[in-house]
Each structure stands twice: as structure tokens, then as C-alpha cells.
Amino acid sequence: MPTPTKGPRLGGGPAHERLLLANLAAALFTHKSIKTTETKAKRLRPVAERLITFAKRGDLHARRRVLATIGDKSVVHELFTEIAPLVAEREGGYTRITKLGFRKGDNASMVQIELVLEPVTPKVRSTRATSSAAAAPAVSVDEPVVAEADAEVPVEETDTVETSEPIADEAPSTEAAEVEADAAEKADDAK
Amino acid sequence: MAVPKRKMSRASTRMRRAQWKATAPTLVKTVENGKTVYSLPHRAKVVEDSAGTALFLEYKGRKVADI
């Protein structure tokens with residue numbers, strides 16, 4: 001169930017608001033897309049989506065509950081026979097509100113509220129796959145840069161690079177061997 | 001009915017009105033065809049043809065409403 005609305009009603013009172021929202025819902029189901037103020041659209045959304053949920057159920061009891069809100073039988077028939085099959089796969093979120101601009105007379109924010117009748121396209125949940133895919137190109141981009149840097153350096157100073165690299169290779173290897181030997185000795189002492 | 005006893009002085013009227021301040025709206029910056037456009041966020045935009053005639057409202061690449 002939608003959250004109950006707090007604060008003053010639309011129109012003159014609770015009965016006026018009920019009628020107003022019922023008429024807006026009937027207009028929405030007739031035209032599939034209507035232009036109204038943002039306040040009315042936000043109030044209309046839970047009402048209309050609840051009626052669509054009834055329409056998806058489709059039995060006589062549901063039809064009578066919808067008829068209690070919308071008096072027009074032709075609109076209810078259209079809702080049950082045309083709109084309900086189109087949103088059968090959709091799990092809620094049957095309406096879409098798009099802000100358009102401000103009305104000239106009172107500067108009210110106008111919106112377009114429409115039924116979402118397109119077939120459902122489920123979102124791809126593999127966020128890790130996308131992140132790894134994003135990371136892979138980054139790595140591949142970095143590698144050529146490094147290769148270019150290496151290629152540029154030998155052209156300018158070939159001797160220094162060649163001499164420096166073997167030293168760097170030897171130093172860690174000898175140190176690592178010593179460390180391993182020490183570790184082996186300590187392990188023996190511990191035993 | 002309660003009515004004001006005194007005429008409101010010009011100074012006090014102007015002091016009250018001095019507190020009316022306009023606030024700048026927060027805009028989003030987008031680059032369309034090389035031109036930088038500032039617009040209100042989450043609001044449909046008007047699509048125009050080459051002559052500048054408004055055609056329809058568009059939001060996220062989808063036609064939303066006629067004008």
C-alpha cells in the first residue's frame with residue numbers, strides 16, 4: 001500500500017480530492033499520457049498504480065473495486081483488456097513522470113505523467129563484470145605508455161639503462177637468498 | 001475587524017522589501033554540438049528545428065510531449 005498523504009487535501013476537501021484523482025486516473029487510462037501539475041501527478045501516481053494492480057489481477061472482484069473509483073465502465077474495460085496485458089511482466093512502476101516546465105499563470109511546475117507500456121528490459125546485475133571490464137582497458141592503456149617510455153629511453157641513453165638494470169636484478173636476488181637462509185636457520189633453531 | 005492604527009512609513013516598507021532576495025537556480029552544464037548550455041536539472045528540453053521553431057519536448061533522448 002502507498003504511504004498515506006499528509007497535510008491538506010487537493011481541491012476543497014477529501015471528497016473533492018477523491019473525485020479529482022479518480023478523474024485524473026480515468027483521463028490517464030484513456031489517453032495514456034496526460035499533462036498536469038507536479039503536485040497532482042505525485043498524488044495521482046499511487047492511485048493509478050493501485051488501479052493497474054487490480055487490473056492485472058483481472059477478476060470480477062478487482063473490476064468492481066476499480067469501478068468504485070472510476071465510474072466509467074468503458075475506461076475500466078480498456079484498463080483491464082488493453083493496459084493490463086502490456087504491464088503484466090512489470091513489477092510496479094507503471095507510470096513515469098517527466099518535468100516539463102512552469103505554467104505561465106501561476107508558475108506551477110507542469111509534468112507529463114504517462115503509462116510505461118514498453119516491454120520490460122531487465123537491468124544487467126553484473127556490476128563486477130563491468131568494473132573488471134572497465135579496469136582491463138585501463139591496464140591495457142597503461143602498458144603501451146610504459147613500453148613507449150622504455151623505447152624512448154634506450155635511444156637517448158642506452159649504456160646507463162643497460163648497466164643499471166643488472167645491478168637492480170642482482171641486488172634483490174642476493175638479499176632474498178640471505179633472507180631465506182636466515183629464515184631457514186631460525187626455523188631450525190625453533191625446532 | 002482589526003485595522004492598522006498608523007500609516008506604515010516609507011522607511012519601514014522599504015526595510016521589509018529589502019529582505020526580498022532572489023536566489024540563483026542551480027543549473028547543469030552540458031555541451032551540445034560544441035556549445036555550452038546551462039539548463040535546469042531533470043527537466044525536459046525544447047527541441048527546435050534549424051529555423052528556431054519549437055517542435056516538441058525531449059527528455060533523455062525520448063520525445064515527452066508536444067508544445
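What you see below is based on every heavy atom in this structure, not just the backbone, and it leaves out hydrogens, waters and symmetry mates. Chain letters run A, B, ... following the sequence lines, proteins first, then strands; residues in each count from 1. Note that the coordinates shown come from a computational prediction; the quantities given were computed from them, not determined experimentally.
- Within the 4.5 Å cutoff, the side chain of R43(A) has heavy atoms near those of the L21(A) side chain.
- Across A48(A) and L28(A), no two heavy atoms sit closer than the pair CB-CD2, 3.9 Å.
- We find that K32(A) and E78(A) are joined by a salt bridge, their nearest charged nitrogen and carboxylate oxygen being less than 4.0 Å apart.
- Of the listed residues (R96(A), Q112(A), K35(A)), the greatest number of heavy-atom pairs within a distance under 4.5 Å of chain B belongs to R96(A).
- By the 4.0 Å N-to-carboxylate-O rule, K42(A) lies close enough to E38(A) to be salt-bridged with it.
- Judged by the 6.0 Å and 45° rule, R63(A) forms no cation-pi pair with F54(A).
- Residues of residues 25-34 of chain B placed with any heavy atom under 4.5 Å of a heavy atom in chain A are absent; none qualify.
- At distances below 3.5 Å, not a single donor-acceptor pair connects side-chain atoms of E114(A) with backbone N or O atoms of I34(A).
- Looking only at distances, a side-chain donor or acceptor of R9(A) sits under 3.5 Å from a matching main-chain atom of T5(A).
- Side chain of T30(A) to backbone of A26(A): a donor-acceptor contact under 3.5 angstrom is found.
- A donor-acceptor pair is defined here as one N or O able to donate and one able to accept, closer than 3.5 Å; no such pair exists between the side chain of K99(A) and the backbone of A44(B).
- Considering only heavy-atom pairs separated by less than 4.5 Å from chain A, the leading option among R62(B), K45(B), R43(B), K60(B) is R43(B).
- Residues of residues 15-22 of chain B placed with any heavy atom under 4.5 Å of a heavy atom in chain A are absent; none qualify.
- Of all heavy-atom pairs between Y94(A) and K56(A), the closest is OH-NZ, 2.9 Å.
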